Amino acid sequence: MKLAHRLLLQSLAIVAVLVISVVVIIDNQIHARITDQATHDLAGEARLLAIEWRAGVDPDALADEAGVATGHRITLIDSTGRVVGDSEFDGPALQGLENHSNRPEVIAAQQNGVGSVRRMSPSTGEEQLYVAVKAPSGIARVSVTTRTIEEIFAGARSGVIAAGLISFLLAAVLAMLFSRSVSRPITELRDVARSIAAGERKRHPPLAAPGEVGDLADAIYRLAEQLEGRLSALAAEQSILTALVETLNEGVIAISPDHEVVRINETGMRLLSIARPVPFGLDFLPREATLRGAIARALAGTETEPEEVVIGNSTLSLTASPLVNGGAVVALFDLTPIRKLEAVRRDFVANVSHELRTPLTIVGGFAETLQDPDIPADKRSEFARTIFSNTQRMQRIVDELLDLSRIESGHWKPRPEQVRIADAAGEVFGRVTTAAKSKAIVLDTSIDADADTVYADRTALEQILLNLVENALRHTPEGGRITIETRPDDQGVRLFVKDTGSGIPPEHLPRIFERFYRADSGRSRDTGGTGLGLAIVRHLVEAHGGSVRADSEVGAGATIEIFLPDGTDVFES
């Protein structure tokens, strides 16, 4: 809420309390004065009536005449309390009135000469103001309904309330003018201070304000000049520091003594999977024991040695150092690529050793057996064929490793041209016709007229299809079918190599394009697979800017889908 409004509301509240207090006090005083005046007037009428009530005067007639003259109820009561005259009752009704000796006003009049009271009248059922005066012949009483008094009071109250409202409105106008005159210079200084805080250092406060407000304006003016110079230097230093921190390949986290992260660079946010703006509490950092322990020791003033920690899918080298004035700095170096390369190297050595061990063992064993001169000729021939077969297997592994290395290293570049897919499929089927016939497997093509050519390296395309078809032959039982299909795509061509083989379990699908990975390693080796064919397919397809994926259901065959983009922009880039 604005200062002017607060001042206005506070002033109006004070004025309202004062006006209400005055109205209430005056209201009570007026009510008391009206009641006292009515009592006094009724007492005067009762005294006149007491004088007129002499011996020989008919009290009932006197009461009737006085009631008509005054407009009030007149009651004459003898010394025994019996009503002998009443302006509102005559005859039998008068005789039926109760004895009034026990009425409060009658008792007070007998004791003090005058008595008054407000009470409900048993005879009229209305509240009355009774005033009784002691007379020589008894008690003269005059009464009037309090409704008449309240009507007089209501008129007076209306005047008081109207005067209070007028006073309040006048006071509100004066309070509004006062609040504006007080708040305007303060508001201007506030706006200037906010502008300076927001970075508008060129805006200065007016110096024409009176008194203490003028002194405050002068102080803010000097403060703005000093801030302008200091902030300019700080901004330049901050820009250099930010650029330096953001260009680091390491994640950097600055923690304040209040255990809040006050700075973290993009690398740190990526490594820790944080997407919150700073500052934020330490609770939003990953709940990893090594990380939390290093931060706690650094905040306690102890520098930590580099530690290796795994957070999410990343392996990080963690170092935490305390700051001079409290707080800590945490440095994170991503070891994930190095660890992955080490794992790939270990897996590669292990896989190559594993793949070559079996044929080498077989070749060594049979070669040793052939040294026995007593082996029959037919067995020698069989052993020689086994040695030759395993030698060929090792040769294929070495050749495919060399091909894969050449592709991965970038020494091989595709030489794309428009190739008819039917021709490439026919060439591939020609190479595997013998193997397919031995298992009665049907080789088929389904070439879409809108996807009959593809822009690719002819040799690479044939090698892709050959590897996929040979892989399908190894896993398709006798009497099955292998089909090469094409389908047009908005950005190229999609090729499908389908078989009716045993299929691939879903848990193996994401990894079948890795080197040496087999869903069924024993069966693949028995059928001559090296475990490198699908890896070569993936690298050849990606070298063309395409993609490859597998879809399969156990017992219902497998489908390898290849996307090859259309156009020369992929290879030119």
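Here the structure is a predicted model, which is why all the values come from computation and not from measurement.
The side-chain heavy atoms of Ile139 and Lys134, taken from C-beta on, include a pair separated by under 4.5 Å. Side-chain contact between Glu485 and Thr559 is absent, with no heavy-atom pair separated by less than 4.5 Å. Inter-residue side-chain proximity for Glu45 and Leu49 is flagged as unmet; no heavy-atom pair is nearer than 4.5 Å. Between Asp334 and Arg270 there is a side-chain heavy-atom pair separated by less than 4.5 Å. Between Arg73 and Ser143 the shortest side-chain heavy-atom distance falls below 4.5 Å. A heavy-atom distance below 4.5 Å is not found between the side chains of Phe284 and Ile274. Side-chain atoms of Asp448 and Arg487, non-hydrogen and from C-beta on, never get closer than 4.5 Å to each other. Side-chain contact between Thr267 and Glu250 is absent, with no heavy-atom pair separated by less than 4.5 Å.
Within 6.0 Å of the CG atom in Asn325, the count of heavy atoms belonging to other residues, nucleotides or ligands does not exceed 12. Within 6.0 Å of CZ in Arg118 there are more than 12 heavy atoms belonging to other residues, nucleotides or ligands. Counting heavy atoms of neighbouring residues, nucleotides and ligands inside a 6.0 Å radius, atom CD of Glu98 does not exceed 12 of them. Atom CG of Asn313 has 12 or fewer neighbouring heavy atoms from other residues, nucleotides or ligands inside a 6.0 Å radius.
Summarising the geometry of Asp60 relative to Phe89, their closest heavy-atom pair is OD1-O, 3.7 Å, with the distance given to 0.1 Å. Nearest approach of Pro59 to Trp53, heavy atoms of both residues: CB-NE1, 3.7 Å. The two residues Ala298 and Pro322 have their closest heavy-atom pair at O-CB, 3.1 Å. Here the closest non-hydrogen pair linking Ser317 and Pro306 is OG-CB, 4.1 Å. The two atoms that bring Ala38 and Leu129 nearest to each other are CB-CD2, 4.1 Å, heavy atoms only. Residues Ala550 and Ile560 share a closest heavy-atom pair of CB-CD1, 3.7 Å.
Rounded to the nearest 0.5 angstrom, Asp283 CG and Glu260 CD are separated by 10.5 Å. Expressed to the nearest 0.5 Å, how far CG of Asp86 lies from CD1 of Ile74 amounts to 9.0 Å. With values rounded to the nearest 0.5 angstrom, Ile295 atom CD1 is found 5.5 Å from Leu282 atom CG. Separating the CG atom in Leu76 from the CD atom in Glu52 is a distance of 11.0 Å, to the nearest 0.5 Å. Rounding to the nearest 0.5 Å gives a distance of 10.5 Å between NE2 of His72 and CD of Gln128. The structure places CZ of Phe496 at 10.0 Å from CG of Asp551, a figure rounded to the nearest 0.5 Å.
Remark: the backbone N or O of Thr80 is paired with a side-chain donor or acceptor of Asn99 at under 3.5 angstrom. Distance alone, capped at 3.5 Å, places no donor-acceptor pair between the Glu553 side chain and the Ala556 backbone. Ser552 places a side-chain N or O within donor-acceptor distance of the main-chain N or O of Ile504, the cut-off being under 3.5 Å. Side chain of Thr336 to main chain of Thr315: a donor-acceptor pair is present (N/O by atom type, distance under 3.5 Å, no hydrogens or angles). Side chain of Asn265 to main chain of Val252: a donor-acceptor pair is present (N/O by atom type, distance under 3.5 Å, no hydrogens or angles).
Under the salt bridge (charged side-chain N to carboxylate O under 4.0 Å, His left out) criterion, the residue pairs touching residues 292-304 are Arg297-Glu307, with sequence neighbours excluded. Listed by first and then second residue, the salt bridge (charged side-chain N to carboxylate O under 4.0 Å, His left out) pairs involving residues 104-113 are Glu105-Arg119, Glu105-Arg141 (not counting sequence neighbours).
Each of Leu271, Leu316, Leu332, Leu285 was checked for a side-chain contact (heavy atoms from CB on, under 4.5 Å) with Ile311, and the lone residue meeting it is Leu316.
Side-chain atoms of Asp258 and Ser256 form no donor-acceptor pair, as typed in the model, at a separation below 3.5 Å.
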